[in-house]
K.L.:
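Would you mind keeping the following structure in view while I ask a few things?
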Number of protein chains: 2
Amino acid sequence: MGEPRTKTRVGEANVEKILDAALTSFARFGLHGARTDQIAEAAGMSKPNLLYYFRTKEELYLAVLKRTLGVWLDALAEIDPQAEPSQALTDYISAKLEFSRAYPDQSRLFAMEIIQGAPWLKEAILRDLAPIVEAKVATLTGWIAEGRLAPVDPTTLILTIWATTQNFADFSAQTSLLTGKTLDDPAYFDRTRDAIIAIVLAGVLPRE
Amino acid sequence: MGEPRTKTRVGEANVEKILDAALTSFARFGLHGARTDQIAEAAGMSKPNLLYYFRTKEELYLAVLKRTLGVWLDALAEIDPQAEPSQALTDYISAKLEFSRAYPDQSRLFAMEIIQGAPWLKEAILRDLAPIVEAKVATLTGWIAEGRLAPVDPTTLILTIWATTQNFADFSAQTSLLTGKTLDDPAYFDRTRDAIIAIVLAGVLPRE
DNA sequence: GTCTATAAGCGGATAGAC
DNA sequence: GTCTATCCGCTTATAGAC
């Protein structure tokens with residue numbers, strides 16, 4: 001499953017340019033809809049030169065996906081068991097939404113891969129993502145046991161946060177068709193973040 | 001934009017078989033990844049015969065999408081301004097989740113089209129979906145004004161419900177990788193539904 | 001309406017010089 | 001490492017008989 005041949009500095013710079021260009025195309029057109037010559041052009045090189053770094057389109061696709069998964073893992077891992085639950089969840093929701101705003105293509109591409117059954121990323125999800133989720137479920141379970149969180153199913157809560165935050169990147173086409181706004185509008189971004197936090201936190205914090 | 005040529009009874013039956021088969025393929029592989037001969041085979045006919053009913057792959061794709069959009073519209077339109085808010089939202093969430101369980105491919109295909117910017121469905125969304133959403137936002141705004149609903153942004157609330165419910169169909173690959181469960185498991189389905197309703201309703205109902 | 005056979009073109013991948 | 005030129009497989013779509 002060939003790494004890109006990147007020994008030199010110029011090579012590494014090219015790999016980065018290719019990954020960025022590929023992300024845009026794959027997010028917009030999917031694995032099969034994306035065109036290698038278009039990606040090469042966007043990366044500022046010829047098609048054969050692109051294929052010098054990534055031998056096949058599929059290899060490039062997987063490389064793009066794995067780069068995104070890494071960022072996801074880091075954000076999730078940052079939920080701190082020692083923190084105040086409402087603050088920890090607020091921070092995580094904010095970070096996740098901010099990521100969706102800053103890197104909508106990464107969010108979208110990831111979503112498309114998952115929707116299609118994760119044919120390329122299945123292995124990496126099981127190996128890298130699952131253990132972290134398990135750890136965070138344990139954290140939430142602990143908070144619930146201590147009465148610091150309402151007794152909501154922890155896995156469902158995590159998936160709900162992913163669903164709500166990612167939604168605004170993934171479905172931004174629909175959202176902007178319906179509201180005329182995007183997350184690039186700072187006021188709308190803040191309003192959305194506050195609404196999500198209000199909805200999710202209210203359902204999750206213990207009533208006194 | 002070419003209706004399928006369906007004058008006879010056998011023709012209509014074939015069109016249905018094609019739409020069903022196409023839904024499966026498009027949801028799994030996307031517009032460009034799906035293969036017409038595979039769809040034809042799944043529909044029990046030859047490829048030229050399929051292309052007799054739908055002149056191009058794209059025409060077939062759009063027909064499949066529009067069939068799904070119709071179902072969506074009906075469910076949303078059913079939210080009754082006269083109803084008790086918590087009951088109306090509970091019913092809508094239940095119906096939406098049930099739809100995602102019963103027709104996961106429709107849910108997934110719709111999601112993929114939206115994520116890619118709705119290149120094929122944009123027009124229909126603006127014409128058919130937007131007005132209904134507008135009407136429902138008005139309903140929610142009324143409930144908020146009457147103090148029967150917490151002052152949450154109505155559009156965000158609707159989008160949140162879509163996000164949470166659809167998520168369990170769209171991301172079922174991820175969910176089942178992480179939990180080992182699918183919505184086909186009745187107990188898991190009920191647990192998920194209750195958790196979503198609890199989270200969303202709690203954040204939205206007015207505190208006394 | 002349905003088929004077999006085939007055309008036509010796109011697009012990923014390679015050859016080989018520089 | 002990068003390019004030009006080119007190959008060739010694969011897939012949509014059509015021709016035309018039944």
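To find a chain, count down the sequence lines: A is the first, B the second, and so on, and within it residues start at 1.
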K.L.:
Using atom CZ of B:Phe54 as one end and atom P of C:dG1 as the other, report the distance to the nearest whole Å.
P.N.:
13 Å
K.L.:
Quick one: does A:Glu113's side chain get under 4.5 Å of B:Gln174's, heavy atoms only?
P.N.:
no
K.L.:
Using OP1 and OP2 only, check whether a side-chain N or O of A:Ser46 sits under 4.0 Å from D:dT2.
P.N.:
no
K.L.:
Decide yes or no for B:Leu76 and B:Leu129: does some side-chain heavy atom of the first lie under 4.5 Å from some side-chain heavy atom of the second?
P.N.:
yes
K.L.:
Identify whether NZ of Lys or CZ of Arg in A:Lys96 sits under 6.0 Å from the centre of the six-membered ring of A:Trp72 and within 45° of that ring's axis.
P.N.:
yes
K.L.:
Out of C:dG1, D:dG1, C:dC3, which has the shortest distance to the side chain of A:Tyr53?
P.N.:
D:dG1
K.L.:
Which letter, B, S or -, goes with each nucleotide of nucleotides 11-18 of chain C from 5' to 3', with contact meaning a protein heavy atom under 4.0 Å?
P.N.:
SBBB----
K.L.:
What is the distance, to the nearest angstrom, from the CD1 atom on A:Ile18 to the C1' atom on D:dT2?
P.N.:
12 Å
K.L.:
Quick one: side chains of residues 82-94 of chain B, donor-acceptor pairs under 3.5 Å with protein atoms, not counting sequence neighbours, listed by atom name and distance.
P.N.:
from, atom 1, to, atom 2, distance (Å)
B:Gln87, NE2, B:Asp91, OD1, 2.9
B:Thr90, OG1, B:Ser86, O, 2.7
B:Tyr92, OH, B:Trp162, NE1, 2.7
B:Ser94, OG, B:Thr90, O, 2.9

K.L.:
Test the A:Arg35-A:Phe29 pair against the cation-pi criterion, namely NZ or CZ under 6.0 angstrom from the six-membered ring centroid and within 45° of the ring axis.
P.N.:
no
K.L.:
For the side chain of B:Thr164 and the backbone of B:Ile161, is there at least one donor-acceptor N/O pair under 3.5 Å apart?
P.N.:
yes
K.L.:
Over how many whole Å does the gap from B:Met45 atom CE to C:dT2 atom P extend?
P.N.:
7 Å
K.L.:
Check the phosphate of C:dG1 against B:Asn49, side-chain N and O only, distance under 4.0 Å to OP1 or OP2. Yes or no?
P.N.:
no
